K.L.:
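Okay, here's the structure, questions in a sec.
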Amino acid sequence: MRLLFVEDSVKLTAWLARALRQHGFAVDTTHDGAQADSLLRTEHYDVILLDLSLPTMDGLTLLQRLRARGTATPVVILTARGDLEDRVHGLNLGADDYLAKPFELTELEARLHAVIRRSNGLAAPRIAVGPLAYDSSDRVFTLDGRRLALRPKEHGVLEVLVTRAGKAVSKAQLYERVFSIDKVTGQDVVEIYIHRLRKQLHGSGVGIVTLRGLGYLLEAQAS
Amino acid sequence: MKPTSLRVQLLGWLLVPLLLLLSVNAWYSRRAAADTADLSFDRLLLASADAIADDIEVRDGEIFVDLPYAALELLESNIQERIFYRVVAPDGRTVTGYDDLPLPQATSRGDNTLYAAVYRGETVHLVAMNKHLYATGFAQPVVVIVAETGEARDALSRQIVTEALARQALLIAAAALLVGLGLARGLAPLERLRRSVSARPPADLSPVDASGVPAEVRPLIRTLNEHTARIARLLAGRQRWIADASHQMRTPLTEMQTQIAYSLRQDRPELARQALVDVHADIRRLSHLLSQLLMQARSEPEGLAGQEMNSLDLRALAHEATLDHVGPARGRSIDLGFETDEAPARVQGNALLLTELVGNLLRNAIAYGREHGRITVGVQGGPEVTLEVLDDGPGIPAAEREHAFQRFWRSPTVLASGPSGSGLGLSIVRNIVEAHGARIELSSGPDEVGLRVRIVFPAQGGG
């Protein structure tokens with residue numbers, strides 16, 4: 001995947017480009033806003049990593065021009081300015097994500113992949129939580145490599161939990177997403193399906209945790 | 001409001017009413033002067049008529065007038081004025097004079113009638129005097145009429161008015177001048193004060209000396225001095241903050257520098273790697289410290305002034321903020337929960353700051369709480385909305401609680417063994433709490449275990 005990295009700090013550019021190349025990106029770098037602008041007129045990139053303070057043309061102007069030309073290439077803004085206004089302004093101008101310096105390399109890589117996926121209109125193709133894996137293309141769950149047989153509502157609940165892995169999902173949200181068609185049941189029906197799923201996953205190294213007052217969380221568990 | 005000069009205002013208030021008074025006065029003076037002039041000139045007319053009347057004789061049944069020119073001279077003056085006379089016999093015949101000079105419309109009860117009439121196109125002042133002739137055949141009196149055009153009496157009345165008005169105008173002018181001078185003297189201390197303040201060195205924020213300043217202005221100077229004192233306190237606070245912050249930053253930087261310098265000298269790859277791992281962790285801590293420092297600076301009262309405050313649902317906000325910390329809590333196997341009731345929990349507040357507040361409390365609870373422990377975020381609605389974060393960790397000993405909100409304060413018990421932290425979290429929390437007019441209490445949890453942070457928001461006025 002081609003990445004354009006526009007950043008005025010030479011040292012940060014050098015080290016971060018190295019790290020991203022190792023991670024599998026084809027990285028082009030430039031230190032100058034106007035140069036980046038002309039590069040973007042001729043070259044195609046899958047993602048742009050953009051610092052806001054740049055010589056000759058600042059990052060927000062560059063972004064504005066890019067979007068004015070109708071280029072939809074996802075843009076992740078990097079900045080040392082941590083102001084919320086800046087963030088809102090950047091996102092309004094068409095940035096896809098925003099990362100304040102200093103940041104963790106792993107965090108940056110995750111965000112880059114996320115915006116590329118989103119721009120391609122794809123959800124994460126394969127999600128894994130411990131031994132549980134979900135393939136979004138054929139919507140199949142596997143546990144320890146074996147296909148998990150689930151009834152439709154169970155499948156629905158687990159699907160919501162796995163796509164929000166690492167984040168809690170409230171009972172109300174689950175009910176809304178899975179059970180809203182037949183309104184006759186109350187929200188407590190969710191508990192029945194959680195209970196069934198827990199039985200299915202029991203002892204597998206992945207489980208559903210109940211968070212008091214917050215909802216449910218799918219997480220890998222030490223067996 | 002347009003700034004107005006005290007001088008202009010005072011002169012306006014003084015001069016405009018005085019000029020109005022002057023014009024009213026002028027109108028009355030004109031009338032009085034006209035009366036005065038009439039009185040004296042009417043006397044002269046009478047004297048003239050009397051002199052003429054004295055010289056009326058009856059000889060052989062005929063009336064003769066030996067007109068004494070002296071009689072008319074009485075009326076002569078510098079002003080070009082015309083005198084008319086007429087002597088009318090009892091039978092209505094004009095004995096002498098201008099026979100078209102009009103008689104009075106109605107005779108007064110006395111012998112003399114003063115009146116005005118239009119004669120030859122001009123207003124004239126007339127006197128008609130009845131002269132009884134003590135001769136046979138003249139039961140009715142002879143009427144002597146003397147008239148004059150009014151130039152002289154007009155001139156006199158004008159002169160009286162002009163003199164009176166001139167004196168008054170002089171008085172007003174003198175008053176204006178004195179007010180101007182008095183103000184200049186009164187305002188001089190203010191001008192001296194201005195000069196002394198503008199001549200101060202830039203860093204001088206000491207109070208301004210209000211002595212010698214008019215009593216009316218002294219309260220203003222006192223208030224300005226209090227204002228300046230507040231600014232001085234804020235500046236001093238900023239200075240302390242910068243000193244504290246640089247101290248906090250320098251220490252970890254020095255640690256890193258030392259570790260790297262030492263590792264570079266050793267030529268042992270495994271040591272270099274260890275140094276990198278340590279420094280990476282240090283940098284992470286330093287980043288956190290930096291963002292906390294910035295948040296702390298922004299949450300100082302002067303930084304929070306002008307922040308937008310909206311009516312918002314604290315329950316939803318706290319729920320959302322708690323969800324953000326599920327990951328870190330699970331990382332320490334902490335049972336993080338949220339408890340609430342049904343009562344409305346609306347507060348007047350800033351969503352960003354309140355999220356930061358909950359975040360700081362939760363970060364503390366997760367970092368300092370017990371592994372496999374339990375943290376509960378609670379929101380109770382009602383007239384006074386309460387936010388509570390309860391953990392079952394070591395808590396803060398009662399003796400240390402009052403220090404807990406101080407910037408960079410860290411519990412001695414935690415410092416010895418516990419996790420690293422910036423010492424800013426609770427200080428930020430306190431600032432945000434104060435900005436919302438809320439109050440914060442630290443206490444122990446149930447059975448004297450853990451820490452309970454309780455924030456009570458003021459009841460919202462008007463529902």
Side-chain angles (χ1 to χ4, degrees), chain A residues 11-12 15-16 18-19 78-89 91 98-110 129-130 160-174 176 187 205-223, chain B residues 276 279-295 297-298 303 307-308 315-316 318-342 350-353 355-356 358 362 372-380 388-390:
Chain A
K11 208 169 162 193
L12 177 59
W15 282 99
L16 193 57
R18 258 194 229 180
L78 283 186
T79 183
R81 295 184 286 194
D83 296 351
L84 185 84
E85 284 99 282
D86 248 22
R87 180 194 176 102
V88 171
H89 195 50
L91 294 180
Y98 190 103
L99 209 56
K101 292 178 191 171
F103 48 82
E104 287 290 331
L105 190 56
T106 49
E107 175 78 9
L108 174 66
E109 285 161 354
V129 180
V160 173
L161 287 172
V162 83
T163 48
R164 301 204 19 145
K167 290 186 183 122
V169 185
S170 73
K171 198 195 275 188
Q173 282 172 320
L174 277 174
E176 183 78 18
Q187 279 189 20
V206 60
I208 299 168
V209 183
T210 305
L211 300 167
R212 289 173 296 124
L214 293 170
Y216 303 99
L217 176 75
L218 184 72
E219 69 172 12
Q221 289 164 338
S223 35
Chain B
L276 280 177
V279 167
H280 192 194
D282 284 344
I283 287 175
R284 207 173 293 163
R285 266 209 306 282
L286 205 54
S287 305
H288 176 67
L289 174 64
L290 182 62
S291 58
Q292 287 285 82
L293 272 173
L294 290 177
M295 187 64 215
R298 273 190 219 136
Q307 282 286 339
E308 219 179 298
R315 181 177 295 117
H319 187 263
E320 201 60 36
T322 308
L323 280 178
D324 288 343
H325 291 83
V326 166
R330 298 304 302 169
R332 297 201 69 213
S333 303
I334 289 170
D335 171 16
L336 175 63
F338 187 78
E339 276 173 12
T340 187
D341 54 16
E342 295 300 315
N350 179 292
L352 203 73
L353 292 174
T355 304
E356 188 66 32
V358 179
L362 274 175
H372 300 287
R374 187 178 161 100
I375 297 173
T376 307
V377 178
V379 173
Q380 278 95 48
E388 204 178 86
V389 177
L390 173 68

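Letters A, B, ... mirror the listed sequences (proteins, then strands); counts begin at 1. Predicted, not measured: the structure shown is a model, and the values here were computed from it.
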K.L.:
Using modelled atom types only, decide if a donor and an acceptor are shared between the side chain of A:Q173 and the backbone of A:S170 within a distance under 3.5 Å.
P.N.:
yes

K.L.:
If we define contacts as heavy-atom pairs under 4.5 Å, which of B:D335, B:T322, B:L323, B:V326 has the most with chain A?
P.N.:
B:D335

K.L.:
Please flag which part of B:I334 lies under 4.5 Å from any non-hydrogen atom of chain A: side chain, backbone, both or neither.
P.N.:
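No part of it gets close to chain A.
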
K.L.:
For A:L211, is it the side chain, the backbone, both or neither that has a heavy atom under 4.5 Å from a heavy atom of chain B?
P.N.:
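For A:L211, backbone and side chain are both near chain B.
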
K.L.:
Please name the pair of heavy atoms, one in A:L217 and one in A:A168, separated by the smallest distance, quoted to 0.1 Å.
P.N.:
CD1-N, 3.8 Å

K.L.:
So, for B:M295 and B:L353, which heavy atoms are closest and what is the spacing to 0.1 Å?
P.N.:
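Looks like CE-CD2, 3.7 Å.
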
K.L.:
Between B:L294, B:T340, B:T376, which has the largest tally of heavy atom pairs under 4.5 Å with chain A?
P.N.:
B:T376

K.L.:
Heavy atoms only: give me the nearest A:L214-B:F338 pair and the separation to one decimal.
P.N.:
CD2-CB, 3.5 Å

